[in-house]
Every structure is written in C-alpha cells, then in structure tokens.
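One structure is given here, and the rest of the page talks about it.
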Amino acid sequence: MRDIIGDAMTETSFAGRVSRWYEQHARDLPWRRPEVSPWAILVSEVMLQQTPVVRVVPAWQAWLERWPTPAALAGSSPAEAIRMWGRLGYPRRAVRLHECATAIVERHGGAVPDRLEHLLALPGVGTYTARAVAAFAYGQRHPVVDTNVRRVVCRAVAGEPDAGPTTRPADLVAAEELLPAEPAAAALASAAIMELGAVVCTARSPRCDACPVESTCAWRASGRPAPAGPTRRPQRYAGTDRQVRGLLLGVLREATGPVPHQRLDQVWADDVQRARALAGLVTDGLVEPVGETSFRLIGDGPPAPVAG
DNA sequence: CAGACGTGGTC
DNA sequence: TGACCAAGTCT
C-alpha cells in the first residue's frame, strides 16, 4: 500500500491519514472489489444516488446478475428495468440507467467511456457520478465530491458544521487541493474521504473519537459549533404528488402489461391530484397510455398498434 | 437556483 | 411521532 499512497503524500498529510484509516476500516462493499467492471461501478453509483448502502447491496447484485453489461440492459425493456429497480426510490433513475446503457452501446460500442466529457453526456450521470466512475473505475485523478466529502472538507478545513446543499465549483477546487498527485492515490483518497463522511464524520452524532484527522480538524478545534439555522428545507412526502406517484407506480410494477385506470383510481381519492400524478409519470417517461382506458410501464409489451 | 423527484430507517 | 437523513440529477 505504501506504493499506492506514493511519495507525494506524506504520512501526516490529510489525505495520507484518511487513506491509511480507510485501508484499515473501510467497509467491505461488493463494488469495491478489484475485479468489478466499470459498468458495475456505474450501476452502483447511480443506485447510491440518495439511497442508503444497505438497500443498494442486494439490488446491485441482482441487477448485475441479470444485466452484466450495458448491451444486456439495452436489450431489455425499460419496464423490466423499472421492475428490477424495486423499491430503491426515484425510479426515474432506472429509466435513465436504461437510456444510459443504450447510449453506451450506440456511442461507445458497449464500453463505459473513460473520459469525463463522455461520461457527463450520459443520461442520469452528473458531476458526482461522472467523476466517481472516472476515478474508481479508471483510476483517474479527479476530485469526487458528494455530500460526505463536502461535509468532511467543510468541517475539517473550514471549521463549519455543515456544507451547502449542492456541489459548487469551489467545492471541487477545495477537494482537489487535498488530493495527492499520483492518480491511483488520489482515487483512493477520494474513496477514503467519502467513507470517513459516511461512517465517522456523519451529519448527526459524528464520532470524532474515531476520526483519523481529529487532531487537525478546524471544526473540532472550535468546539464543534452547531449549524446556525435550518441548513435546508425539509422534504415533506405525505400527501404530495410524489407519494401518489409512488402508489400508482407500485400498482403498475406489480402488474404485467396494461392496467385499467379503474384499478389506478383506487390508490388515491383525490381525482385531480391522482390525474396530475399519473400525467407526470407519463411526461417523465415512466408510464405510457394503452388505448383510452389503460396504462402500463413504459415499453411493457408490444407497441400500441398504429392506426392506418 | 429552488424545487421536484421515492423509500424506508433512525432518533 | 414526525422530522431528518441517505454516494444526486435535471429543469
């Protein structure tokens, strides 16, 4: 491991201490095994967008068993992708991942691209995911900044209790400045900082006694001040269109093929809100109408016959 | 740039 | 019990 950490990173540098801690304490997550493909890593990163690790692990394994390559997924229907997604949440991610697989086949001959520019052009792949794939699958030196990294850097370097709600260019710069020069060591350091934020430097109840950079943490040095105010708007769910969409999709996911609207009507009493939620699912490419009175998951069966 | 977008676990 | 939180992306 000394070779990976490299000469440019000293034992006492921030990245060096976190990386050594990571080598000893990292969770044994399946997508971190050395033999996993770039596609498997991409799938894990998409699933991990806003979904906890414990729920992703079994879904990731089942998904890759069924679709080990982008071409395999592209050969199935979007409906099957939505079903396989199960209850991970934000099912539009399943549709985007299917679109992503198709784009990888069409634009890159079925191989996950290794250039940031090409990764960013894929559906469902944004700033975080593109950099995560470039770094973790291809060993490139890019700052990989998610909510964990922002929180760790914000606390340890700036001494502030919490980072902003979104990743800004300044966050990428701040993270990049912590990375060692050698690409493989930089990728390791990014994974290590993320892990630190996930299991030690958590949003609630951080475990500073277990932290490898506790001695130089600016936030701890200033007495771990609490956030000034509410850092972000609460995300309500009960009674929202999102809840209704979830209920509608639950019915369509369990069914095979078209579902009469009468069955969908039973999931929510408010006609206006239910209709709006269903229309939203259609607009977002998750659901399609079949004839005048039924709906189904997108691509769930043969195309509707065209008049003429 | 604020808001939409699922789901389930924790304190 | 309800608010908060979990490896974001897109519009």
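So that the names make sense, note that chain A is the first sequence line, chain B the second, and so on, each numbered from 1.
Side-chain contacts under 4.5 Å among hydrophobic residues (ILVMFWY), followed directly or transitively, place I298(A) together with I82(A), V95(A), V244(A), L247(A), L248(A), L249(A), V251(A), L252(A), V259(A), L264(A), V267(A), W268(A), L278(A), L281(A), V282(A), L286(A), V287(A), F295(A), L297(A).
Taking every heavy atom of both residues into account, I41(A) and F136(A) meet most closely at CD1-O, 3.7 Å.
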Would you give me the side-chain donor-acceptor pairs under 3.5 Å for residues 164-179 of chain A, sequence neighbours excluded?
from, atom 1, to, atom 2, distance (Å)
T167(A), OG1, R150(A), NH1, 2.8
D171(A), OD2, R168(A), N, 2.8
E176(A), OE2, R141(A), NH1, 2.6
E176(A), OE2, R141(A), NH2, 3.2

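As rounded to the nearest Å, dT1(C) and dG8(B) have C1' atoms that lie 15 Å from one another. Atom name C1', nucleotides dA7(C) and dC11(B): the rounded distance is 23 Å, in whole Å. Atom name C1', nucleotides dG9(B) and dT9(C): the rounded distance is 23 Å, in whole Å. With both ends at atom P, the span from dG3(B) to dC4(C) equals 15 Å, rounded to whole Å. The same atom, C1', is picked in dT7(B) and in dG2(C); the two are 16 Å apart, to the nearest Å. Of the C1' atoms belonging to dC5(B) and dC5(C), the separation is 16 Å, rounded to the nearest Å. Distance check on atom C1': dC10(C) versus dC1(B) gives 12 Å, rounded to whole Å.
Here D162(A) pairs with R155(A) in a salt bridge; the nearest charged N to carboxylate O distance falls below 4.0 Å. Salt-bridge formation is detected for the pair R296(A)/E288(A): a Lys NZ or Arg NE/NH1/NH2 atom is positioned less than 4.0 Å from an Asp or Glu carboxylate oxygen. Here E195(A) pairs with R32(A) in a salt bridge; the nearest charged N to carboxylate O distance falls below 4.0 Å.
Taking a 4.0 Å limit (strictly below) on heavy-atom distances, residues 115-134 of chain A does not reach DNA chain B anywhere. Residues from residues 26-39 of chain A lying near DNA chain C, meaning a heavy-atom separation below 4.0 Å, are R27(A), L29(A), W31(A), R32(A) in numerical order. The stretch residues 195-203 of chain A comes close to DNA chain C through A198(A), A203(A), each having a heavy atom under 4.0 Å from the strand.
Legend: salt bridge (charged side-chain N to carboxylate O under 4.0 Å, His left out) pairs involving residues 61-80 of chain A, not counting sequence neighbours, sorted by first then second residue: R66(A)-E80(A), E80(A)-R83(A). Residue pairs satisfying the salt bridge (charged side-chain N to carboxylate O under 4.0 Å, His left out) criterion with at least one member in residues 101-117 of chain A, sequence neighbours excluded, are listed as follows: R115(A)-E117(A). For residues 274-286 of chain A, every residue pair satisfying the salt bridge (charged side-chain N to carboxylate O under 4.0 Å, His left out) rule, not counting sequence neighbours, is listed here: R92(A)-D284(A), D241(A)-R276(A), R245(A)-D284(A), D265(A)-R274(A), D271(A)-R274(A). Sorted by first and then second residue, the ring pair (Phe, Tyr, Trp, His ring centres under 6.0 Å) pairs involving residues 93-115 of chain A (not counting sequence neighbours) are H108(A)-H118(A).
Counting non-hydrogen atoms under 4.0 angstrom, R96(A) reaches the backbone sugars and phosphates but no base.
Donor-acceptor pairing under 3.5 Å is lacking for the side chains of T202(A) and R151(A). In the model, E45(A) has a side-chain atom that pairs as donor or acceptor with a side-chain atom of Y128(A) under 3.5 Å.
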All N/O pairs under 3.5 Å across the protein-nucleotides 4-8 of chain B interface:
from, atom 1, to, atom 2, distance (Å)
dC5(B), N3, Y90(A), OH, 3.4
dG6(B), OP2, R245(A), NE, 2.5
dG6(B), OP2, R245(A), NH2, 3.3
dG6(B), O4', Y90(A), N, 2.8
dG6(B), N7, Y90(A), OH, 3.4
dG6(B), N7, R242(A), NH2, 2.6
dG6(B), O6, Y90(A), OH, 3.0
dG6(B), N1, Q50(A), O, 3.3
dG6(B), N2, Q50(A), O, 3.2
dG6(B), N2, T51(A), OG1, 3.0
dG6(B), N2, L88(A), O, 2.9
dT7(B), OP1, R253(A), NH2, 3.4
dT7(B), O2, R55(A), NH1, 2.9
dG8(B), OP1, R87(A), NE, 2.4
dG8(B), OP2, R87(A), NH2, 3.2

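Annotation: side chain of C211(A) is not in contact with side chain of R220(A) (no heavy-atom distance under 4.5 Å). Side-chain contact check for W60(A) versus V43(A): some heavy-atom pair is nearer than 4.5 Å.
Without hydrogens or angle criteria, S222(A) side chain to W219(A) main chain gives a donor-acceptor distance under 3.5 Å.
Not counting sequence neighbours, the partners of W63(A) by the ring pair (Phe, Tyr, Trp, His ring centres under 6.0 Å) test are W67(A), W85(A).
A straight line from CG of L97(A) to C1' of dC10(C) spans 16 Å, rounded to a whole angstrom. As rounded to whole Å, 13 Å separates atom C1' of dG8(C) from atom CG of L172(A).
Taken together, the paired segments of DNA chain B that extend over three or more consecutive Watson-Crick or G-U pairs, each closer than 3.5 Å at both contacts, are B:2-5 with C:8-11, B:7-10 with C:3-6.
Side-chain N/O atoms of R151(A) include one lying less than 4.0 angstrom from OP1 or OP2 on dA6(C).
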